[in-house]
Amino acid sequence: MPVVTVVAPPHPATRALLAAVADTLADTLGLADGDVIATSVASGEYVASGDGSNPDRSAGAWPVVTIHGSDRGAEAMTAARDAAARAVAEWGRTHAIAIEGVWCEWLLPHPS
């Protein structure tokens, strides 16, 4: 069961973002309803290096999506990461959020 953490700006439609990411991952990986869990962490402002002293410049939003899950093979994990990034970008367009990019990674469990 993949568990997904989405770090993004606070927004009233965060639940829709989480649902889009969870549903997209489930579809991409061929999983059933309830097999992907998504949670959010609200981020603060985004500042690019060198922009900290210039309040008129903005780095835009860079949501971070971290998928925690077992090894499903490189092809499936790449497809899932790409699908999650697209879901976040689409959510941003739908809600008029300027998203500069989406950072998405798949973390495997540490061996015990």
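These numbers come from the heavy atoms of this one structure, side chains and all, not from hydrogens, waters or symmetry mates. Just so you know, residue 1 is the first one in the sequence shown, and it goes up from there.
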Heavy-atom pair with the smallest gap, counting every atom of Ile67 and Pro2: CG2-CB, 4.1 Å
Member of Asp23, Leu17, Thr24, Leu18 meeting the side-chain contact (heavy atoms from CB on, under 4.5 Å) criterion with Val21: Leu17
Evaluation steps, side chain to side chain contact (heavy atoms under 4.5 Å, CB included), between Arg72 and Leu29: CA-CA 9 Å; Arg72 295 177 180 270; Leu29 296 171; 4.0 Å; yes
From Thr14 atom OG1 to His95 atom NE2, the distance as rounded to the nearest 0.5 Å: 9.0 Å
For Pro10 against Ser43, the heavy-atom pair lying closest together: CD-O, 3.2 Å
Minimum heavy-atom distance Ala87-Ala20, with the two atoms named: CB-O, 4.1 Å
Linked, directly or transitively: Ile37 and Val41 (ILVMFWY side chains, under 4.5 Å): no
Hphob cluster co-occupancy, Val36 + Leu108, side-chain heavy atoms under 4.5 angstrom: yes
Same apolar cluster: Ile97 and Val88, side chain cutoff 4.5 Å: yes
Minimum-distance pair of heavy atoms, taken over all atoms of Arg81 and Trp106: CD-N, 3.6 Å
Heavy-atom closest contact (Ala32 atom, Ala26 atom, distance): O-CB, 4.4 Å
Closest non-hydrogen atom pair, Gly34 against Met1: O-CE, 3.4 Å
Same apolar cluster (I L V M F W Y, side chains within < 4.5 Å links), Leu31/Val65: yes
Single-linkage hydrophobic cluster Val102~Val3, side-chain heavy atoms < 4.5 angstrom: no
pair Met77-Asp71: side-chain heavy atoms closer than 4.5 Å: yes
